[in-house]
Asker: 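Supplied in structure tokens, the structure appears directly below.
Heavy-atom basis, side chains included; hydrogens, waters and symmetry copies ignored.
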Amino acid sequence: ANTQYDKGGPNHLKVAYNPCGCVYQLDVDAAYSATTMSALLCGAPITADADGNTCDLDGIAHPDNVAMIPEYHQLLIGEDTSAHQNDLVWLYDLQDRTLTRIASTPYGSETTSPYWYRNIDGHSYMTLVVQHPYGESDSDKATDAAATGRAGWIGYVGPFQAHGPKQDLYTASDKASLDKMMLDIFGVSSSLQLHSKTASELLHLVSLMSGKVSIFRSPKRTVEFVDVHALPSQSYNHYFGGVGEPFTITDFGVGVAYAILSSVHPTDSATEMGLLVESPATHVTMVYMIDRLLADGTILHALPFNFSISSFSEYPSLSMVAYTNQGAKSSVISDGGSQTQVSATRWSVHSTHTSAFAGQSSSFVSLPSSVSTDTVYTNVTIQFTTPGSTVVTAILEFGQGAVVQVLAARNFTGSGVVKFTSGSQLVVSAPLTFNVVVEFAAAAVTLTSTVVFTFTATLMGSLLSLMSVSARLSFEGASSSVNSCTLTGSGQTQHMWSGVQGSVLTSANSNWSVALSVNNSNSASRSRSLRADRSKMGITKLCGTTQGNIVIATGTALLNQPNCSVSSNGAYSSTAGAVSFASNSFLIFDPVTSSSKPLLLSSLSAGSSLKVEVISSSSTVPLDVTLATYTSSSCTTSFDSTTTNCPSGATCTVYGKAGSTSGTCDIMHKQERPTSDSSDTALYGLLALLLLLPAVVVAVWWFKCRTTPTDDAYPQLYPEMPTSMSVGYFGQPLTTPQSDSGMPKFHASYP
């Protein structure tokens, strides 16, 4: 081993060599003893430049002094270096991890004593010392015209408007001394004593707390009396519990004016605070007690608030944040709250009421590679640390207090069902695939990696937090539903259609702020017209839900249920962010009636050949109903559309128009009866007149020219006698032919 830098004895802390130096962060236990150390920020060596700098000028070199600016969560770093020609003072933002150079010193000097004074008569100040200019190097430059001289400098930067209240710190060596100080100043030595105070005593207490934070600290306990109104309004954060800021209140609750906050190690909770906790050995955080008051001193109990909590570094597995009071415990989840893992050792918590809180670990168990009988796990932690598969042929349930941590790729497969029920947690840090039916009911899911559902997935009343841009939730089965859930974070969600069998994802009554893409994995099916056969489509349904941005791929569909009644916004059936449709994709409204509520989109982008399909359930004619409203300065007025169940004899169309609000557009559906055109009537009348004239001419000609039969044209029934006969009628002699004009004649009819 290299012992070159082992000054004064062996070097027990061995880290990677860096000639520019680093700032390290250390985790501490309840006694403030360091347990782990890691590099927070390091300099970067470079080849010496023209000015002799051997460390990157955009980074630190030989950090020598640090100071915290807690209300801004920033760190001051001062240098004492020969690797920068001028020693520098830096500001490092611990939240966004940015480094800013804020001061430089003359040649040959170093920076010392950077410090932040939080509140001096309502203002904050930063102090800085420049030590021995031109003393350690560059002494020849002390006489330059621009030189500042060899005298040191001490000064400050400010004033700044104080970002936090005035802080009074009181320390004591033991419990009795600490209790006496609190009694002398505020009249109570524990928040447990609040409930025995009268209304006038409580009003006097809050008057003493006004405008400041008073911190009382002994080796085993910290108590803070806080004027919440005096805290920074823009962040409304408050940290307490000692070094490391393990407990952060991000929202005290509506109307809260004052708070009393206490923290103690679980093994000391009984003696220090009179607070009994269940199984102190299972606790992996301090025990925190919170009491909140209104401006008049009224104690608030049943009021939600938010905080985050960190586990001791030696116990990184925090599986349950519990209410713990007088020997009993219950999970915040079981009482209507929620908890979300934000890092390996830190959780964000929403509590429904005031109490004492502690983080607890669960016993670790190993899940068998095959589950063939119905099995339920509660109050345990299951970790997958190596890649592999779990075959499930029965019901595998993770219940109250069960934590499943996926630290290496895992695949659940089989004919059974995997259930995450109320109070369970799934923490995914490596790819996880469910090739099995899966159900979530009032569970908490935290993702920094990928979760894929290839079978039926049912999510009900659960919280899903996608904590990083690499977090992805993919629904790839034939049927999936997300009902009354919250999906939040910076990751992505997708509905993946295989292009072979139908696939439906339903989002109902959920707050789905994470972006959703509806994809088509089968390129061969993209050109196929699927309007007539939804059984082969990838369809995402919306029912009373609030969505983020949505992208609809070719051959897939977004189906809105405009009569959905569970929407939190009574004016709309569902809402979504920016929605983009690729060419040959579908927008379906099913069913449409006179009472349908529109889909509200922040914007609509549609490629060529977007198909709009309406399934009408109304026989009303005429009918003109709004299908969707979106924001745009230019409205699409016509759509490639079809209507199923259009009333008999009616014409159904989908069209676009400007909305009732400036800058909005509406997509409309109309049902109407066809009506005659007056110009057509006139044309038909003219044609009738023109045809009438030749008809009259033909009729006249026919009557004029037809032949009437004569008498000779008909055969006689009795023929006349020859003229040579002289016998007349009645036997008289006939001398001349007689006329028969007086005699009837009979004519035979022609066949």
Side-chain angles (χ1 to χ4, degrees), residues 28-33 67-71 115-125 127 162-197 201-232 237-249 252 256-275 285-293 297 299 307 354 356-357:
V28 297
D29 60 18
Y32 305 125
S33 296
M68 187 71 190
I69 306 179
E71 56 266 47
Y115 194 72
W116 178 259
Y117 291 88
R118 299 180 65 176
N119 192 329
I120 300 177
D121 293 332
H123 294 90
S124 301
Y125 299 86
T127 60
H163 194 65
K166 180 183 179 182
Q167 291 195 348
D168 296 326
L169 177 63
Y170 305 89
T171 60
S173 59
D174 54 40
K175 178 182 184 303
S177 300
L178 195 70
D179 287 349
K180 184 177 186 304
M181 283 193 291
M182 288 189 288
L183 283 169
D184 290 344
I185 297 173
F186 291 112
V188 293
S189 61
S190 168
S191 61
L192 295 174
Q193 298 173 352
L194 288 178
H195 299 277
S196 64
K197 297 295 182 181
E201 289 174 332
L202 290 171
L203 181 60
H204 178 64
L205 169 63
V206 297
S207 69
L208 296 173
M209 296 169 62
S210 179
K212 59 185 177 181
V213 173
S214 300
I215 304 173
F216 297 83
R217 184 170 292 159
S218 68
K220 294 183 177 180
R221 179 170 47 133
T222 298
V223 181
E224 298 188 13
F225 293 77
V226 179
D227 181 349
V228 174
H229 286 158
L231 296 176
N237 289 357
H238 183 72
Y239 313 96
F240 84 100
V243 177
E245 299 172 349
F247 196 102
T248 306
I249 299 178
F252 280 85
V256 174
Y258 301 94
I260 301 177
L261 317 170
S262 305
S263 61
V264 67
H265 194 277
T267 57
D268 299 312
S269 59
T271 57
E272 291 287 325
M273 292 199 303
L275 181 67
T285 71
M286 303 281 278
V287 175
Y288 301 95
M289 177 171 280
I290 294 93
D291 282 284
R292 297 166 294 163
L293 303 96
I299 300 173
F307 63 87
T354 293
F357 300 88

Asker: Nearest 0.5 Å, please: how far is CE in Met182 from CD in Gln193?
Answerer: 8.0 Å
Asker: Under 3.5 Å, side chain of Arg292 to main-chain N/O of Phe252, donor-acceptor pair present?
Answerer: yes
Asker: For the pair Tyr125 and His123, name the ring-plane relationship: parallel under 30°, tilted 30 to 60°, perpendicular over 60°.
Answerer: tilted
Asker: List in chain and number order the residues that pass side-chain contact (heavy atoms from CB on, under 4.5 Å) with Thr271, two or more places apart in sequence or in another chain; answer none if no residue qualifies.
Answerer: Asp268
Asker: Compare all side-chain heavy atoms of His204 with those of Leu208 and state whether any distance is below 4.5 angstrom.
Answerer: yes
Asker: Output the distance between atom NZ (Lys197) and atom CD1 (Ile299), rounded to the nearest 0.5 Å.
Answerer: 11.0 Å
Asker: Donor-acceptor check, side chain of Asp227 to backbone of Ser210, threshold 3.5 angstrom: yes or no?
Answerer: no
Asker: Aromatic contact between Phe307 and Tyr288, with the criterion being ring centroids under 6.0 Å apart: yes or no?
Answerer: no
Asker: By side chain to side chain donor-acceptor pair (under 3.5 Å), which residues pair with Lys180, not counting sequence neighbours?
Answerer: Asp184
Asker: Using modelled atom types only, decide if a donor and an acceptor are shared between the side chain of Ser177 and the backbone of Asp174 within a distance under 3.5 Å.
Answerer: no
Asker: Could you tell me the separation between the CD1 atom of Ile185 and the CG atom of Leu205, rounded to the nearest 0.5 Å?
Answerer: 12.0 Å
Asker: Give the C-alpha distance, both sets of side-chain angles, the deciding distance and a yes or no for side chain to side chain contact (heavy atoms under 4.5 Å, CB included) between Val264 and Met289.
Answerer: CA-CA 9 Å; Val264 67; Met289 177 171 280; over 6 Å; no
Asker: Are Tyr117 and Thr127 side-chain neighbours, meaning at least one heavy-atom pair lies under 4.5 Å?
Answerer: yes
Asker: Taking all non-hydrogen atoms of both residues into account, name the closest pair between Lys175 and Glu272 and its distance.
Answerer: CE-O, 3.3 Å
Asker: Could you tell me the separation between the OG atom of Ser263 and the CD atom of Glu224, rounded to the nearest 0.5 Å?
Answerer: 7.5 Å
Asker: Contact between Ser214 and Tyr170 at the side-chain level, heavy atoms closer than 4.5 Å - yes or no?
Answerer: yes
Asker: Within the 4.5 Å heavy-atom criterion, are Ile260 and Leu194 side-chain neighbours or not?
Answerer: yes
Asker: Going by heavy atoms in the side chains, are Leu261 and Val223 under 4.5 Å from each other?
Answerer: no
Asker: Would you indicate whether the side-chain heavy atoms of Met181 and Phe216 approach each other to under 4.5 Å?
Answerer: yes
Asker: Quick one: OG on Ser173 to CG on Leu178, what's the gap to the nearest 0.5 Å?
Answerer: 9.5 Å
Asker: Do His229 and Val256 have side chains that approach each other closer than 4.5 Å (heavy atoms only, starting at C-beta)?
Answerer: no
Asker: Please indicate whether Phe186 has more than 12 foreign heavy atoms, meaning atoms of other residues, nucleotides or ligands, lying under 6.0 Å from its CZ.
Answerer: yes
Asker: Please name the pair of heavy atoms, one in Ser196 and one in Glu201, separated by the smallest distance, quoted to 0.1 Å.
Answerer: O-OE1, 4.5 Å
Asker: Quick one, Thr171 with Arg217, criterion side-chain hydrogen bond (donor to acceptor under 3.5 Å, both in side chains). Give me CA distance, side-chain angles, the key distance, then yes/no.
Answerer: CA-CA 5 Å; Thr171 60; Arg217 184 170 292 159; over 6 Å; no
Asker: Kindly write out the residues that satisfy side-chain contact (heavy atoms from CB on, under 4.5 Å) with Leu203, not counting sequence neighbours, or none if the list is empty.
Answerer: Val206
Asker: Hey, is Arg221 close enough to Asp179 for a salt bridge, meaning N to O under 4.0 Å?
Answerer: yes
Asker: Taking the side chain as every heavy atom from C-beta outward, state whether Val287 and His265 have any pair of such atoms under 4.5 Å apart.
Answerer: no
